[in-house]
Amino acid sequence: MKSKLVALSLFLAVFLSSCDTVDDLLSFNISNSASIKIQSNLPINLPSEIITPDVTTNSSAEFKNNKTKADLVKDVKIRSLKLTISDPSDKTFTFLKSIHLYISTTDSDEIELAYQDNINSTSNTIDLICTDARLDQYIKADKYKIRTKVTLKETLTKDVTVKADMKFRVTADPF
């Protein structure tokens with residue numbers, strides 16, 4: 001009886017680890033970016049919304065390059081979202097108290113994508129905390145919107161342009 005239990009445990013361990021290996025083989029990354037302009041006339045310590053232009057996805061081409069198609073995609077999650085100040089080049093994120101990014105499409109409800117609160121950075125780049133939301137319907141769409149909610153902790157004398165680099169992990173079924 002004991003040997004059957006050991007054999008069953010060993011089989012389950014091998015089976016579960018092989019499922020992870022198969023998912024890794026069927027997974028790939030998609031990268032997109034958006035530009036966010038934080039205006040100098042925004043109030044301090046009050047959340048303000050910024051709507052960015054639509055982000056056009058290249059997901060159809062990415063799916064094809066990875067030998068899959070949209071209807072085989074079973075799971076998309078954001079893996080990283082990095083913000084970099086592109087203008088002015090000498091600016092750091094010391095002015096920013098918090099930032100929350102939301103994603104939506106014309107056919108899908110808005111959900112939170114990533115955020116960072118109590119920002120205390122003297123760098124011109126920050127990594128946001130990514131949510132664990134499933135993003136299949138957003139990445140499969142031709143385009144999506146990013147809405148940004150920022151809270152400033154100091155007055156800006158000039159508009160600040162921030163580039164948001166997003167990396168999504170896509171897992172697809174083989175057939």
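Computed from heavy atoms alone, side chains included, the values below leave out hydrogens, waters and symmetry copies. Predicted, not measured: the structure shown is a model, and the values here were computed from it.
- Taking OG1 of Thr171 as the reference point, atom CG of Asp75 lies at 5.5 Å (rounded to 0.5 Å).
- For the pair Asn58 and Ser31, the tightest heavy-atom approach, listed with the atom from each and the gap, is OD1-O, 4.3 Å.
- With values rounded to the nearest 0.5 angstrom, Leu152 atom CG is found 9.5 Å from Leu46 atom CG.
- Under the 3.5 Å distance criterion, the side-chain polar atoms of Asp136 are matched with a main-chain donor or acceptor of Val76.
- Between Thr148 and Ile36, the shortest heavy-atom contact is OG1-CD1, 3.6 Å.
- Counting only distance, with no hydrogens or angles, the side chain of Arg79 and the backbone of Met166 share no donor-acceptor pair below 3.5 Å.
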Passes side chain to side chain contact (heavy atoms under 4.5 Å, CB included), Ile50 versus Arg147? Steps please.
CA-CA 6 Å; Ile50 302 167; Arg147 181 179 64 88; over 6 Å; no
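- Considering every non-hydrogen atom in both Ser48 and Pro43, the closest pair reads OG-CD, 3.5 Å.
- A continuous path of ILVMFWY side-chain contacts below 4.5 Å connects Val170 to Ile111, so both sit in one hydrophobic cluster.
- Judged by distance alone, the side chain of Lys82 and the main-chain N or O of Asp127 form no donor-acceptor pair under 3.5 Å.
- Annotation for Asn41: atom CG counts as buried by contact number, over 12 foreign heavy atoms lying within 6.0 Å.
- Looking at heavy atoms from C-beta onward, Asn29 lies out of side-chain contact with Phe168 at the 4.5 angstrom threshold.
- Under the 4.5 Å side-chain criterion, counting only non-hydrogen atoms from C-beta, Leu113 is in contact with Ile146.
- Remark: Lys77 NZ is packed, more than 12 non-hydrogen atoms of other residues, nucleotides or ligands lying under 6.0 Å away.
- Proximity of a side-chain donor or acceptor of Thr131 to a complementary backbone N or O of Glu112 within less than 3.5 Å is detected.
- For Thr151 (side chain) and Asn45 (main-chain N/O), no donor-acceptor pair under 3.5 Å exists by modelled atom type.
- The side-chain contact (heavy atoms from CB on, under 4.5 Å) with His100 is formed by just one residue from the set Asp117, Ile129, Val150; it is Asp117.
- The two residues Pro53 and Ser35 make their nearest non-hydrogen contact at CD-O, 4.4 Å.
- Considering only heavy atoms from C-beta on, Leu83 stays 4.5 Å or farther from Asp165 through its side chain.
- At distances below 3.5 Å, not a single donor-acceptor pair connects side-chain atoms of Ser98 with backbone N or O atoms of Gln116.
- Distance OG/Ser104 to CD/Gln137: 10.5 Å, rounded to 0.5 Å.
- Put simply, the side chain of Lys91 does not reach to within 4.5 Å of the side chain of Asn124, judged on heavy atoms.
- In this structure, Phe28 and Phe63 have perpendicular ring planes: the angle between them is above 60°, well past the 30° mark.
- Contact record, Thr94 with Glu154: O-OE1, 3.6 Å, taken as the closest heavy-atom pair.
- Inter-residue side-chain proximity for Ser33 and Lys163 is flagged as met; some heavy-atom pair is nearer than 4.5 Å.
- At most 12 non-hydrogen atoms from other residues, nucleotides or ligands lie less than 6.0 angstrom from CG of Asn118.
- With rounding to the nearest 0.5 Å, the separation of CD in Glu110 from OG1 in Thr105 is 11.0 Å.
- Between the side chains of Asp159 and Ser40, a donor-acceptor pair is found at a separation under 3.5 Å.
- In this structure the side chain of Ile103 never reaches within 4.5 angstrom of the side chain of Val55, judged on heavy atoms.
- The OG1 atom of Thr56 lies 8.5 Å from the CG atom of Asp142; values are rounded to the nearest 0.5 Å.
- Here the closest non-hydrogen pair linking Ile139 and Ser59 is O-OG, 2.7 Å.
- Rounded to the nearest 0.5 Å, atoms CZ (Phe95) and CG (Leu156) are 5.5 Å apart.
- Surrounding OH of Tyr115 are at most 12 heavy atoms belonging to other residues, nucleotides or ligands under 6.0 Å away.
- Residues Tyr144 and Leu135 are not in side-chain contact: their nearest non-hydrogen atoms beyond the backbone lie 4.5 Å or more apart.
- At least one donor-acceptor pair under 3.5 Å links the side chain of Thr57 to the backbone N or O of Ala141.
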Show, in sequence, the C-alpha distance, side-chain angles and deciding distance for Val162 and Ile38, and conclude whether the side chain to side chain contact (heavy atoms under 4.5 Å, CB included) test is met.
CA-CA 8 Å; Val162 176; Ile38 302 172; 4.0 Å; yes
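- One N or O on the side chain of Lys153 and one on the backbone of Ile119 form a donor-acceptor pair closer than 3.5 Å.
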